[in-house]
Amino acid sequence: MEKFGKSQPVKRVEDVRFLTGAGRYVDDIAPENAWHAMVLRSPVAHGTISGLNLDGARAADGVHLVVTQDDLRTAGIDARMNASIVTNRDGSKGADPIRPVLADGRVRFVGEPIVMVVAETREQARDALELIELDIDDLPAKLDLAPGGATIHDEAPDNRAFEWGLGDEAATQAAFDAAVHTVSLEVADNRIIANSMEPRGCFAEWDGERLHLSYGGQGVWGLKTQLIEKFGLDAEQVRVTNPDVGGGFGMKAMAYPEYFAVAHAARVLGRPVRWMSDRTEAMLSDNHGRDLTSLAELAFDADHRITAYRVRTRCNLGAYNSQFAQNIQTQLFSRVLTGVYDVQTTWLQVEGYFTNTTQVDAYRGAGRPEAIYVLERVMDRAARELGVDPWELRRRNFIRPEAFPYGTATGETYDVGDFDKILSRGAREADAEGFAARKAADAKRGLLRGQGLCYYIESILGDPSEGAKVEFCEDGTVNLYVGTQSNGQGHETVYAQFLADQTGIPADWIRVIQGDSDRIARGGGTGGSRSVTVQSTATLATVDVMVAAFTAYLAEKMGVEEEAVRFDDETFRAPGSNLTPTMVEAAEMARADGREDLLSHEARAKLPGRSYPNGAHVAEVVVDPETGEVRVDRYTVVDDFGNLINPMLAEGQVHGGVVQGIGQAIAEHVVHDADGQLLTATFMDYALPRAADVPMIDFTSEPVPSTANLMGMKGCGEAGTVGALAAVANAVQDALWERGVRQADMPFTPLKVWEVLKDGSVAAE
């Protein structure tokens, strides 16, 4: 990277260990003397625990502890899970029922943890679970997104957790009343399971004074705060670490009950305790994603410009409020409610419902993919009903470049944008003009080809402030301490590359240190695509501190005034001095002089505003009407991520995000039966996208540098998923339209597509 300059496509350094099996995940690093925990989970979706006999488990071979909710309470632990609560449109607070760490007399979803057993081996713990006598009196399961049904929580007798609103309802209605055209479409956003490569797990240690909990997560500081609060410990008594983490996608951003139960067990036993979920356990207990239905409505004037936009959403929270759940489909959804379109009259109304299913929370994009999916589906429908080309309808309603900075109807301030330029580049890269010929060629073979367009915009979320620390080590290497947490995104490469770009320190001399609350006192973790922008801003601030400190030191060495010393990203120089040390050489000089104060530098920085990555996704699908099979044949992305540190890693993030979007669109779907049993709890029943389901993804960067940070960057981690859902869905709808199908909802499985084709053809006759 030194040879070829800045912002080059550098291969990920961490992949050497990951691809050779040398990664160190939580299950790899648990102490060898740790005992094993396993969890008894509810086999029914809703019921009252009428009997719980633990004598057999307690007496079983190798068992050292059996933990219930009563045990946690007796130990003085605040054994309730945290949740954020929104304010209803009438000013009251949303329902906030207690979610116990372990079931407290009642179970509300299949997989809810009831008892944890700790034994010397995993097999002994599993055998002990079989000896627990559990009796549950079944209650009716509530599964639909509507008021009524069996009450799950007394705090929400009709099972409605909240009713939230944003915008001007009356003005929006008036705009619809005055509109020349109105278009509406109801779309469902199907529930999915994140299925990170590494399931959730943790281990805990207690040495009599301090608690150490290590888990696979997206940051250590939030969980540390909760452990301090729930266990009544001092901050110095708690250490939380993240080792290598095999995927998070938002699902690992929050605390889970098992972490607190394991921490309690380690403290009681005075011995390390470990827990690792298996795949079905993870599918039952990991927070699910999406699961909402929205009615979207657009009002247009005679020139087909949008005059108002209204969305009414019903979202599924699952059995309890998860940590961020109520915010996901309300505040986060609203961030990009109007997308890239110039419309100021809006109304968003969201109702959240409790059901007897696993909790729903953040999944790659967290509210923003859902909002863009709704908007871009109804834009596509509007183009059809108004008889306008879908590309042209979007262009006609884009926010113009001269309008930036642009204040949206929901309170965002988009700093920059040139959406028409990005879309035009997308049309060229996707060979949009050649689509008609490809469609005709497929038609001769009895196949249906459709083209789908989505123009998305993202709002980068999370704490806008972050810290960084650079430490020069005796062996000549450099430690870069960061407050974010890699879950596989390549942070070790990109952060080292950025520091190398700014300082001239060879990248392979730089070690990125993350995920340890003892070594890094404060950090915002990873989520909302915040990592590169906030962490690089903090690194820049730290570089400024370093340069200033070394400048003062070297000025004396060079025999010049401080103002004469300049650093040109590689060496310090001053007129009249033949000393030209690099940053590393300056540190070596300082060490030789006993200037330990110059060997460690740190700073915090705060972004002045959010960045807003955006771009055009163009998908082409081929549908076989005889079988209903949908194949994504072509996929093109043109993204505005601003300036890139490592284009290769950005492209990889887009590829991964698009594949997750394609997976949800054509294959992934959570299914419960009428009793609330999860029918898709193995990979035999839950279809993840395979290599054959994904075409080569064409990625092009068309940067419009952000003004919200010094580097002109825009986050990219979630963008692929934000754009993929509507692009694929619109392509399928396009393919099916000529056969009379007017409503096409994800997932587009062969059976589902075959059935709607049959029904659509009948309706069209």
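Side-chain polar atoms of Ser50 and Thr48 form no donor-acceptor pair below 3.5 angstrom. No hydrogens or angles considered: a donor-acceptor pair under 3.5 Å links the side chains of Glu112 and Tyr320. In the model, Asp189 has a side-chain atom that pairs as donor or acceptor with a side-chain atom of Gln664 under 3.5 Å. A donor atom on one side chain and an acceptor atom on the other are found under 3.5 Å apart for Arg377 and Asn730.
With sequence neighbours excluded, no residue forms a ring-ring contact (aromatic ring centres under 6.0 Å, His included) with Phe162. Every residue was checked against the salt bridge (Lys or Arg N to Asp or Glu O under 4.0 Å) condition with Asp361, not counting sequence neighbours, and none meets it.
With a 6.0 Å radius and a threshold of 12 heavy atoms from other residues, nucleotides or ligands, Trp754 has its CH2 atom at or below the threshold. Remark: Arg41 CZ is packed, more than 12 non-hydrogen atoms of other residues, nucleotides or ligands lying under 6.0 Å away. Other residues, nucleotides and ligands contribute only 12 or fewer heavy atoms inside 6.0 Å of the CD1 atom of Ile98. Under a cut-off of 6.0 angstrom, the local environment of CG in Asp278 is crowded, with over 12 non-hydrogen atoms contributed by other residues, nucleotides or ligands.
With respect to Glu376 and Arg381, no salt bridge is recorded, no charged nitrogen being found less than 4.0 Å from a carboxylate O. Under a 4.0 Å N-O distance rule, the pair Arg274/Glu258 does not qualify as a salt bridge. The pair Arg314-Glu186 meets the salt-bridge criterion, since a charged nitrogen lies less than 4.0 angstrom from a carboxylate oxygen. Classification of Lys142 and Asp144 as a salt-bridged pair holds, one side-chain N sitting under 4.0 Å from a carboxylate O.
Side chain of Tyr373 to backbone of Gly723: no donor-acceptor contact under 3.5 angstrom is found. Side chain of Arg290 to main chain of Arg191: no donor-acceptor pair is present (N/O by atom type, distance under 3.5 Å, no hydrogens or angles). Put simply, the side chain of Gln485 never gets that close to the backbone of Gly219: no donor and acceptor are under 3.5 Å apart. In terms of modelled atom types and a separation under 3.5 Å, the side chain of Asn356 and the main chain of Arg108 share a donor-acceptor contact.
The distance from the CG atom of Asn316 to the OG1 atom of Thr357 is 4.5 Å, given to the nearest 0.5 Å. Between Asp380 atom CG and Gln451 atom CD the span is 10.0 Å, to the nearest 0.5 Å.
Taking the centre and axis of the six-membered ring of Phe333, the NZ or CZ atom of Arg368 falls outside the cone set by 45° and 6.0 Å.
By the 4.5 Å heavy-atom criterion applied to side chains, Phe249 and Glu718 are not counted as neighbours.
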